[in-house]
Amino acid sequence: MAFARIARTGLRRTGGTFGSYSCEGDVLLCEGTNRRSPLPSLQNAKAGRDFSYISSIRKFNRMSMQSRGIRVTPQYQSATAERIVEESESEYDEPMYPGLEATKPGEKPRVVVLGTGWAACRFMKGLDTRIYDVVCISPRNHMVFTPLLASTCVGTLEFRSVAEPVNRIQSALATSPNSYFYMASCFGIDTDKHEVYCETVSNGGLPHDPYQFKVAYDKLAIAAGAEPLTFGIKGVKEHAFFLREVNHAQEIRKKLLLNLMLSENPGISEEEKKRLLHCVVIGGGPTGVEFSGELSDFIKRDVQDRYTHVKDYVKVTLIEASEILSSFDVGLRQYATNHLTKSGVSLMQGVVKEVHPKKIVLSDETNVPCGLLVWSTGVGPSQFVKSLDLPKAPGGRIGIDEWLRVSSVEDVFALGDCAGFLENSGRPVLPALAQVAERQGKFLVKLLNKIGKKDGGKAFSAKDIPLGDPFVYKHLGSMASVGRYKALVDLRQSKDAKGVSLAGFVSWLIWRSAYLTRVVSWRNRFYVAVNWATTLVFGRDNSRIG
């Protein structure tokens with residue numbers, strides 16, 4: 001009995017063979033019989049798990065039993081063997097995960113949110129917790145105010161000024177008995193069972209590492225975000241810095257200050273000083289331009305005074321394949337080009353071929369030595385999103401309809417950078433912008449609150465509820481700082497439309513005022529205002545900690 005159970009479990013986990021079993025896909029075929037037994041299938045079950053112990057079980061096959069004088073009845077001709085398999089069928093049908101089971105009658109429906117980005121946090125902020133319990137699952141416990149992230153790299157702002165804990169955005173996560181935040185990554189979704197499967201972010205302090213669990217949902221909102229695009233270029237992930245998270249900004253800051261201090265050591269050659277202090281930014285979008293502007297400000301105002309021995313070696317280069325800020329008005333693009341050039345930023349047109357520890361190689365074989373490389377070329381679907389067995393929109397995002405529902409499955413919604421309209425909807429895929437994600441979060445929370453008030457919050461209970469008007473996105477405009485108290489404001493609703501376009505000091509005031517009001521909490525607004533004032537009076541902090 002025990003041996004049959006172990007063997008059965010091994011077969012289900014490995015999808016391999018044992019004795020006269022053979023596993024093909026998700027169906028167990030028993031040779032010599034017509035028995036077909038379904039195996040559990042997760043839409044994103046992780047590959048590469050360590051099941052090395054199964055190999056020792058496999059060795060204990062029919063031949064080894066015969067060699068020991070044990071009589072074996074092949075291909076299930078034994079009634080006892082048949083009964084044992086049937087008994088183990090239900091007991092070992094699938095891996096056993098601890099976690100939250102499905103809600104019971106009388107309990108509030110449970111909304112599970114994957115992610116803590118702009119879309120997820122705007123959604124959670126407005127969710128009516130008198131109707132729903134909410135469970136948030138994400139590998140980070142805070143939202144990042146990304147428009148100001150570049151300012152933290154050079155000390156204009158402190159890191160905590162751009163990070164907002166999720167339990168301050170939705171207090172029910174900290175106070176409600178049935179609402180939780182789990183610091184974990186989702187690795188699988190079973191839309192039939194209404195369950196998500198997760199793996200905790202831990203350092204080995206839990207009973208099992210990795211520690212896995214499941215959460216049943218009534219409604220699921222996938223807002224898992226996106227990942228930086230590397231286009232498969234060799235060396236990018238190993239040697240470049242991205243600028244998407246607070247820890248990315250921390251690493252950039254540490255590397256920048258380390259290079260400044262290393263370059264002052266005795267015996268460093270002129271060539272090596274130039275390489276160490278050459279900062280290269282790849283990508284001429286708003287993030288790349290704003291980081292270049294902040295970096296040029298830092299060099300002009302702070303490095304010149306505090307690193308006088310090496311100030312003449314510091315250089316910033318911005319490399320773009322076509323033209324910078326391609327979505328902005330032509331006049332604003334020209335203004336940004338001229339201003340960055342005057343600020344000491346070298347603009348280079350080219351395509352990166354490969355990245356090395358101390359240089360990058362362009363497609364025309366030009367070598368560009370550098371001490372710091374920041375990669376900002378846009379975002380694309382994450383590996384988690386790619387692996388989900390859900391409909392996909394152009395570009396690999398999760399396909400959604402006009403109400404942000406994932407087609408062909410019940411009670412699943414997707415929003416933010418990970419979602420895009422299906423091709424047959426006739427709608428374009430929206431850009432991966434904070435304002436798009438925020439507006440989708442605002443739309444979806446109104447929709448689910450409406451559904452909940454009409455008793456449609458439970459699983460499979462919202463089919464007959466009218467959803468109202470579909471989601472419509474109207475672009476409010478774009479803004480970008482270019483450094484030295486200058487910014488761009490483009491209020492056109494699309495690239496080809498007409499509208500107000502501003503550049504200069506007034507635009508910089510509008511840029512700062514707009515983002516100050518968009519910061520999530522009054523606490524962080526206070527932090528940002530104080531940091532700006534402190535930097536204006538005393539300059540940026542150049543302490544390297546860590």
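Basis for what follows: all heavy atoms, side chains included, without hydrogens, waters or symmetry-related copies.
The ring-ring contact (aromatic ring centres under 6.0 Å, His included) analysis of residues 446-472, with sequence neighbours excluded, yields the pairs His194-Phe460, Phe443-Phe471. Pairs of residues two or more places apart, or lying in two chains, that qualify as side-chain hydrogen bond (donor to acceptor under 3.5 Å, both in side chains) and include a residue from residues 445-474 are Thr103-Lys458, Gln435-Tyr473, Tyr473-His475. Applying the side-chain hydrogen bond (donor to acceptor under 3.5 Å, both in side chains) test to pairs two or more places apart or on separate chains, those with a residue in residues 149-159 are Ser151-Glu294, Thr156-Glu294, Thr156-Arg540, Glu158-Arg160. A salt bridge (charged side-chain N to carboxylate O under 4.0 Å, His left out) check over residues 428-442, counting only residues at least two apart or in different chains, returns the pairs Glu438-Arg518.
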Donor-acceptor contacts under 3.5 Å from residues 134-149 side chains, at least two apart:
from   : atom 1 : to     : atom 2 : distance (Å)
Ser138 : OG     : Thr116 : OG1    : 3.1
Ser138 : OG     : Arg140 : N      : 3.3
Ser138 : OG     : Arg140 : O      : 3.2
Arg140 : NE     : Thr116 : OG1    : 3.1
Arg140 : NE     : His142 : O      : 2.9
Arg140 : NH1    : Glu245 : OE1    : 2.4
Arg140 : NH1    : Glu245 : OE2    : 3.1
Arg140 : NH2    : Thr116 : O      : 3.1
Thr146 : OG1    : Trp118 : NE1    : 3.2

For residues 503-510, which side-chain donor-acceptor pairs fall under 3.5 Å, sequence neighbours excluded?
from   : atom 1 : to     : atom 2 : distance (Å)
Ser507 : OG     : Leu502 : O      : 3.2
Ser507 : OG     : Ala503 : N      : 3.0

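Expressed to the nearest 0.5 Å, how far CG of Leu430 lies from CD of Gln440 amounts to 6.0 Å. Taken to the nearest 0.5 Å, the CG atom of Leu433 stands 8.0 Å off from the CG atom of Asp417. For the atom pair Phe328 CZ and Leu488 CG, the distance stands at 6.0 Å (nearest 0.5 Å).
Side-chain N or O atoms of Thr230 include none that pairs as donor or acceptor with a backbone N or O of Ile233 at under 3.5 Å. At distances below 3.5 Å, at least one donor-acceptor pair connects side-chain atoms of Lys219 with backbone N or O atoms of Gly457. In this structure, the side chain of Glu195 does not engage the main chain of Ala216 through any donor-acceptor pair within 3.5 Å. Under a 3.5 Å cut-off, the side chain of Arg122 and the backbone N or O of Gly441 do not form any donor-acceptor pair. Between the side chain of Ser179 and the main chain of Ser176, no donor-acceptor pair closer than 3.5 Å is present. Judged purely by atom type and a 3.5 angstrom limit, Ser501 has no side-chain atom pairing as donor or acceptor with the backbone of Asp329.
Side-chain contact check for Trp511 and Ser513: no donor-acceptor pair (N or O, by modelled atom type) lies under 3.5 Å. Side chains of Glu251 and Asn247: no donor on one and acceptor on the other come within 3.5 Å. Judged purely by distance below 3.5 Å, without hydrogens or angles, the side chains of Ser161 and Asn531 pair a donor atom with an acceptor atom.
Remark: Gln349 engages no residue in a side chain to side chain contact (heavy atoms under 4.5 Å, CB included) (not counting sequence neighbours). Qualifying side chain to side chain contact (heavy atoms under 4.5 Å, CB included) partners for Glu402, counting only residues two or more places apart in sequence or in other chains: Ser425, Arg427, Pro470. Phe421 is linked by a ring pair (Phe, Tyr, Trp, His ring centres under 6.0 Å) to nothing, counting only residues two or more places apart in sequence or in another chain. Partners of Tyr335 according to the ring pair (Phe, Tyr, Trp, His ring centres under 6.0 Å) rule, which considers only residues two or more places apart in sequence or in another chain, do not exist here. Residues that satisfy the ring pair (Phe, Tyr, Trp, His ring centres under 6.0 Å) test with Phe159, not counting sequence neighbours, are absent from this structure. Remark: Ser521 pairs with Glu164 by the side-chain hydrogen bond (donor to acceptor under 3.5 Å, both in side chains) rule, at least two apart or across chains.
Residues Val374 and Val280 are not in side-chain contact: their nearest non-hydrogen atoms beyond the backbone lie 4.5 Å or more apart. Contact of the Phe242 side chain with the Val236 side chain is registered, since non-hydrogen atoms from C-beta on lie closer than 4.5 Å. Between Val246 and Gln250 there is a side-chain heavy-atom pair separated by less than 4.5 Å.
Minimum interatomic distance between Leu415 and Ala221 (heavy atoms only, all atoms of both residues): CD2-CB, 4.2 Å.
Glu227 and Arg244 are not joined by a salt bridge, as no carboxylate oxygen comes within less than 4.0 angstrom of a charged side-chain nitrogen. For Asp133 and Arg110, the salt-bridge test fails: no basic side-chain N is under 4.0 Å from an acidic carboxylate O.
The environment of Glu107 atom CD is dense: over 12 non-hydrogen atoms of other residues, nucleotides or ligands sit within 6.0 angstrom. Heavy-atom contacts from other residues, nucleotides or ligands closer than 6.0 Å to NZ of Lys392 number more than 12.
Under the 30°/60° scheme for interplanar angles, the aromatic rings of Phe187 and Tyr197 are found to be tilted.
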